[in-house]
Amino acid sequence: MSVINADIAHIFRNVADLLDIGNANPFRVRAYRRAADTLDGLGESVVDLLDRKEDLTELPGIGADLARKIHEIVETGRLAFLEQLQQKAGASFSDMMEIQGLGPRKVKALYDALGVRTVEELEQAALDGSVAGVRGFGAISQENIIKEIRRRRERGRRFLYRTARQAVAPLLEYLRRNPDVKHVEVAGSFRRCRESVGDIDILVTCRRGSRVTAYVTGYDQVSEVVSSGKTRTTVLLSSGLQVDLRVVPEVSRGAALVYFTGSKAHNVALRTRALQKGLKLNEYGLFDHEQRIAGRTEEDVYRKLGLSWITPELRENHGEIEAAGSGRLPRLITFDDIRGDLHMHTMRTDGRNSVREMAEAARAKGYEYIAITEHSRHVTIAGGLGPSELREHCRHIGRVDREMEGIRILKGVEVDILDNGSLDLPDEVLRELDLVIAAVHYSFELPRQRQTQRIVTALQHPLVNVLAHPTGRLIGTRDPCDVDMEAVIRAARDNGCLLEINASPRRLDLDERACRMAAEAGVRMVVGSDAHSTGQLDMMQYGINQARRGWLGPDDVVNTMSCSELLEQLGMKE
DNA sequence: GCCGTTTTCGGCCCGACTGTTTTCAGTCG
């Protein structure tokens, strides 16, 4: 029985929902949710912690009782307490509680009055009009339930960071065109550079008395006004993206930015810290009784809490507050640290531009080197190269490299890892290259042990330098393959391999937790754009965001090195 | 259910908005 942290977190969230519905002590409910958050954010598997006989009550929000329950789940795969709750409640209501506007009270009321226990039954009840007759509901809430269920069905519930960025840019421009608007800032998970975002939070400050919330509802991409008040307006854009706009006073701008940037867990921890100092923190400022002692800037708010300013990417309550309190925040990598891009394709396979065009675009970005890394023959759909084709392509790369000034073009390959762990090209060809990236592109469904063994075998190959997109996930589309990441990290460390942070916005693979685990294990990483065109070289920034969320500094990432240092590092492999 | 530089018991983050209410509960972030 192999239980992963997310399974335990899921069970705890179900318990929390059912306790909530059963009118349990709200702090008890919160304790389960908090424990689930802790497990989700943990860089290590709980099973391994238990194997090492570590004390789970050391983890934040886990006490004796929840530690015992975690033991039970790890050992049996189940939690008797949850099953009792489900039996008593007659159903699991977590699905319905995900619908906006429905919380525990309302879900319970609907179940008691109409017996609905699933989203489908609820939709039916709303369509035939019986929801409106339930005490606490009316025609409007019934209509909202129908709309919300439809909306959920029409689109996935989250947007890729890049998609959100594209949708929000023209809205920001529209807001800034309004002469009454002084500042426009995006907060929320978007500002924290999460790989996907559920909605967009925008903060504006404006001249007194101006009606910005009315102005935003007039934006031509608004398809629906969900709610609108004096200081807050929620709209849906035609792209399906939800935007929450908040108008905040200038004196509160920093406090509001902290508050609406989140994460929720970070905010709760900040407020608790404020309380310990006898202060109160809300979106209007930091208060000593009635006296506002900070609020205009984020720096002021953090400083008055005894903290240095924390970059938004780290605000997850994963240790950043303690680090900021003791001056141990890491110096994070930035785009300016990057000196080259080691993963890209050209029109020789499935890319759109020539080697020269890619090199010119990279040079224009200020890079000192790139590696051309075409697919190998197994990826037939991309026109992957066989041995002689790759050799010929490398001769071409060499010619372009000699002709070009100001940038070095390395010869590489993204060679497929076959399902037995061997490589798709013979060693004598791989040996002629500067860089060998290995990657899985099929058989994502292998059972955990075989998948792990397959990847570990590839990492043990003496010519492999980098493991590309290690889990194969496509955010929102394909789950990560079932692989023991800790074993992969160990294998990378023991065999002198690098792990890639693939910067493609739909991959972002490794994720931030794996980045942090790898760095702590002493494994270095490479951020690669996986560009298939010159424009896509810009995707590098998404990978940098991910690296920053994983607490990585420039020394954790090899493409911050000069070309000669890098080649030396790659050469150490053999 | 967790937790402790005021506490091992008694606290636990806080305000806006909505819809259905006659003064507010529920939900959200």
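Below, chains carry the letters A, B, ... as their sequence lines are ordered, and counting in each starts from 1. None of these values were measured; they are calculated from a predicted model.
Distance from the side chain of A:Lys69 is smallest for B:dG1 among the nucleotides B:dC17, B:dG1, B:dG15. When each of B:dA16, B:dC14, B:dG1 is scored by its nearest atom to the side-chain atoms of A:Asn25, the top-ranked nucleotide is B:dG1. Set against B:dG15, B:dG29, B:dG19, the side chain of A:Asn144 has B:dG19 as its closest nucleotide. Of all nucleotides listed (B:dT27, B:dC17, B:dG15), B:dG15 comes nearest to the side chain of A:Glu283. Listed nucleotides B:dG1, B:dG15, B:dT27 differ in distance to A:Arg105; the shortest reach to its side chain belongs to B:dT27. Comparing B:dG1, B:dC17, B:dG29 by their closest approach to the side chain of A:Ser227 singles out B:dC17. Distance from the side chain of A:Ser141 is smallest to B:dT20 among B:dG1, B:dC14, B:dT20. Comparing atom distances between the A:Lys280 side chain and each of B:dA16, B:dC14, B:dC2 picks out B:dC14 as nearest. Closest contact between the side chain of A:Tyr32 and the listed nucleotides B:dC17, B:dG1, B:dA16 involves B:dG1. Closest to the side chain of A:Tyr259, out of B:dG26, B:dG29, B:dG1, is B:dG29.
Residues A:Pro505 and A:Met539 share a closest heavy-atom pair of CD-SD, 3.3 Å.
Nucleotide B:dC24 forms a Watson-Crick or G-U wobble pair with B:dG19, both donor-acceptor distances falling under 3.5 Å.
When the C1' atom is compared between B:dT8 and B:dG4, the two are found 8 Å apart, to the nearest whole Å. Of the P atoms belonging to B:dT21 and B:dT27, the separation is 15 Å, rounded to the nearest Å. For the C1' atoms, the distance from B:dG26 to B:dT20 is 11 Å, rounded to whole Å. One P atom belongs to B:dT6, the other to B:dC2, and the distance between them is 23 Å to the nearest Å. Rounded to whole Å, the C1' atom of B:dC14 lies 24 Å from the corresponding atom of B:dC9. Comparing the C1' positions of B:dC12 and B:dC17 gives a spacing of 25 Å, expressed to the nearest Å.
Between the side chain of A:Asp201 and the base of B:dG29 there is no donor-acceptor pair of N/O atoms closer than 3.5 Å. Side chain A:Lys106 to base B:dG26: no donor-acceptor pair is found below 3.5 Å.
A close approach under 4.0 Å does not occur between any side-chain nitrogen or oxygen of A:Ser228 and OP1 or OP2 of B:dC17.
Using modelled atom types, one side-chain atom of A:Glu320 and one backbone atom of A:His318 make a donor-acceptor pair closer than 3.5 Å.
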task: Let me see the working for A:Thr76 and A:Arg78 under side chain to side chain donor-acceptor pair (under 3.5 Å), right down to the final yes or no.
output: CA-CA 5 Å; A:Thr76 67; A:Arg78 302 160 39 199; 5.6 Å; no
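When ring centroids are compared, A:Tyr259 and A:Tyr284 stay outside the 6.0 Å threshold.
A cation-pi arrangement is present between A:Lys106 and A:Phe137, with the terminal nitrogen or guanidinium carbon under 6.0 Å from the aromatic centre and inside a 45° cone about the axis.
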